[in-house]
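A short write-up of the structure that comes next.
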Amino acid sequence: MIDWVHPSVFLILGALFIPFIRGRAQQIYIVLLPALALVTVMLMSPGVHGVVNFLGFELIFGRADKLSLAFAYVFSIAALVGATYALHVKDNGQHIAAFVYAGSSLGVTFAGDLLTLFVFWELMAFASVWLIWSRRVKASIEAGYRYLLVHAVGGVVLLAGIVILYVTTGSTRFDVMQGNGAAFYLILAGFMLNAAVPPLHAWLTDAYPEATVTGAVFLSAFTTKTAVYALIRAYPGTELLIWMGTFMALYGVVFAMLSNDIRRLLGYHIISQVGFMVTAVGMGSALAINGAVAHAFAHILYKGLLFMGAGAVIQMTGQSKLSELGGLYRWMPVTFVLYMVGALSISAFPLFSGFVSKSMEISAAAEMHLPKVWLLLTLASVGTFLCLGLKIPYYTFFGKDCGARPAEPPRNMLVAMGMAAFLCIFIGVYPAWLYDKLPNVVEYHSYTPTHIIWALQILLFTAMGFFMLRKKLGGLRKITLDIDWFYRKGAGLFMQFVYHVVSPIENWFIQVYRHVFRGNLILGIKGLWLDKHVIDGAVNAIAAAVVRGGSTLRQMQTGQLRQYALVMVGSLLILSLYSLF
Amino acid sequence: MDIGKILENLVNNAKTLKRIGFAVLALIVVIDFFLPRHHSHFFWDDIPGFSALYGLLSFILIVVVSKTLGHYWLGRPEDYYND
């Protein structure tokens, strides 16, 4: 008798059979898989399951406690909603990639040791990049390679941390990290990269806008929130995270204001929202951790909804930029209303899910008496509403008419949006359902008169400001520089520096040298020998090194996977050697 | 019930909506003067209408900072990366 089944079995192994089924049966199967995963999670009893001994390591596949179950619950819901949204897509590769991606994030969630975590962590990166490449345009292919390379580096950093942890403590337990050695910070950096903490965030806003319409919905749910889960598990109360998170919340807001592409704007708001969660993890109090979990739970649903709304607009109009959109409310009213449910939820309006979740984190800051954090997070909340509740809907659905006459999206897309919208309101109206799933037992009441009036004042006065300046806040036909500049342009500039500065100086030296030695024949002959055998050799060697270095850089830029494999194997080798001594 | 019709009606009555909006703004500030305050953590928790002012100032700050950064430093033409 089987007493425990890993929900990822349905998603990862189940997905492999998708190509063998066709038509209506395939669609039913695609909805059935995440539904089975969700049921498995709902029925799972707390405890440690699925312990396997592998080469002397204890791999734990199924640590089920309140924390992992809360995340698994919402990940399964997100997979179900995302699969419904993608039902009309006739691309088996995308369906498989999405399920392997979602299944791996469940794998991370239930992992009880860092090796299991690492395997699923990497699988997430490799599966998710497919959702970017599947758009099959040049920009997506390139963005996908950059995405993969950044995650590859993050993976190596994480692995290095895990190996050092194992060597120094003899354990690969995935629990609260002790001490503050190299392992502590390497693993933290690996987690922070996936949580998109600046300056390790640019992969997100570079790649998500280039993903397929349905792929972006999956992307918005899993990678960053799996990282939030990992941070909650391993780094609660790490003070550094309070400041990184607060900075992140504001960074996302400022860059979102500058974005013209609606999915890039939404991407910057993932960074901003995850910033709230990272701050809460840093605070580490029972209320703060509950806030982080509740916020992640609610966030996955409303951010998915926002990406679905944006995706519907992109699919039906072919436009993704605010400057090219406008006046769609007549043609896509249902999409608009469903989008607004997500927007009001993320903005934390009373009766919507953000109000009962995000406010816990801000209350935690008040309880710990962190006035700066409180003020800055409130500032970031204003930015959230400004961008997602006012700017996107106004310039997409109202504003000047862009001339497009799109229809509503296919029914399955609307149904998926309806599912997410229902949950956003349901949680907002009946927060006990969500609070019941939180890891800590804390008394918290979100619907107090002061809190409601406080939220309404903040939000509605922001709205007043927006409507006064609405002529000036539209999308501009521009892009914004971010950290990705360093690997998209910086490497190229370095090559130009080599060609235009280093090479001429080298040539100049050769010329001077030839002039000096031409006068004296004997010296010249000797000089020629010297030139040929010593100096040229050195120069050639340097030149060769420069060329080699340059081509390595160039390959990094176009993203050759061999490099990754080499780095990976190399670091593994170094680390395993390190472990021997 | 046709959502499109309702939206159309709202848009056509923008003037009325605006008046209602201002009335609501005034109302939520007035109510704030009469709320009981038990759990004040910071001094500003006791100032009625503080969050209205803070919301408006935050809005201005975000707009000014991001527009300045975009205009003088971070903005580039759309084809910047495609050469």
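Letters A, B, ... are given to chains in the order of the sequence lines, protein chains preceding strands, and every chain is numbered from 1. Atom set for the values below is all heavy atoms of this structure, side chains included, hydrogens, waters and symmetry mates excluded.
- The choice from A:Val253, A:Val334, A:Leu375 that makes the most heavy-atom pairs within less than 4.5 Å of chain B is A:Leu375.
- Here the closest non-hydrogen pair linking B:Glu78 and A:Lys478 is CG-N, 3.8 Å.
- If you measure heavy-atom distances from A:Lys472 to chain B, the contacts under 4.5 Å come from the backbone alone.
- Of the two parts of B:Val29, the backbone and the side chain both hold a non-hydrogen atom closer than 4.5 Å to a non-hydrogen atom of chain A.
- For A:Asp261, no part lies under 4.5 angstrom from a heavy atom of chain B.
- The pair B:Asp32-B:Arg37 meets the salt-bridge criterion, since a charged nitrogen lies less than 4.0 angstrom from a carboxylate oxygen.
- In this structure, the side chain of A:Tyr268 does not engage the main chain of A:Leu258 through any donor-acceptor pair within 3.5 Å.
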**Request:** Step by step, work out the side chain to side chain contact (heavy atoms under 4.5 Å, CB included) result for A:Ser381 and A:Ile362.
**Result:** CA-CA 10 Å; A:Ser381 307; A:Ile362 295 178; 4.0 Å; yes
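- Using a 4.5 Å cut-off between heavy atoms, B:Leu35 touches chain A through its side chain atoms alone.
- When each of A:Leu476, A:Thr480, A:Ile452, A:Asp482 is scored by its heavy-atom pairs under 4.5 Å with chain B, the top score falls to A:Thr480.
- Aromatic ring centres of A:Phe385 and A:Phe349: separated by under 6.0 Å.
- Across A:Asn260, A:Thr448, A:Thr462, A:Leu459, the residue that shares the most heavy-atom pairs under 4.5 angstrom with chain B is A:Thr462.
- Heavy-atom distances place both the backbone and the side chain of A:Glu367 under 4.5 Å from chain B.
- The structure places CD of A:Gln319 at 11.0 Å from OG1 of A:Thr396, a figure rounded to the nearest 0.5 Å.
- No donor-acceptor distance shorter than 3.5 angstrom exists from the side chain of A:Thr335 to the backbone of A:Gly309, with no hydrogens or angles considered.
- In this structure, CG in A:Leu265 is found 6.0 Å from CG in A:Leu388, a value given to the nearest 0.5 Å.
- Contacts of A:Val337 with chain B are made by side-chain atoms alone, with heavy-atom separations under 4.5 Å and no backbone atom involved.
- Note on ring orientation: taking the six-membered ring where Trp is involved, the planes of A:Phe247 and A:Tyr251 are tilted (angle from 30° to 60°).
- When heavy atoms are compared at a cutoff of 4.5 Å, A:Leu376 approaches chain B solely by way of its backbone atoms N, CA, C and O.
- For a residue to count as touching a neighbouring chain, one of its non-hydrogen atoms must lie under 4.5 Å from one of that chain's; by this rule A:Trp485 touches chain B with backbone and side chain alike.
- The ring pair (Phe, Tyr, Trp, His ring centres under 6.0 Å) test with A:Tyr329 is passed by exactly one of A:Tyr395, A:Tyr394, A:Phe398, A:Tyr339: A:Phe398.
- With a 4.5 Å cut-off on non-hydrogen atoms, A:Phe397 does not touch chain B at all.
- Using a 4.5 Å heavy-atom threshold, the side chains of B:Ser58 and A:Thr378 count as separate.
- Only the side chain of B:Ile31 comes within less than 4.5 Å of a heavy atom of chain A; its backbone N, CA, C and O stay farther away.
- There is no contact between A:Phe467 and chain B, counting heavy-atom distances below 4.5 Å.
- Heavy-atom distances place both the backbone and the side chain of A:Leu460 under 4.5 Å from chain B.
- Within the 4.5 angstrom heavy-atom criterion, atoms from both the backbone and the side chain of A:Arg477 approach chain B.
- Contacts between B:Ile60 and chain A at a heavy-atom distance below 4.5 Å are absent for every atom of the residue.
- The choice from B:Gly49, B:Gly21, B:Gly4, B:Ala52 that makes the most heavy-atom pairs within less than 4.5 Å of chain A is B:Ala52.
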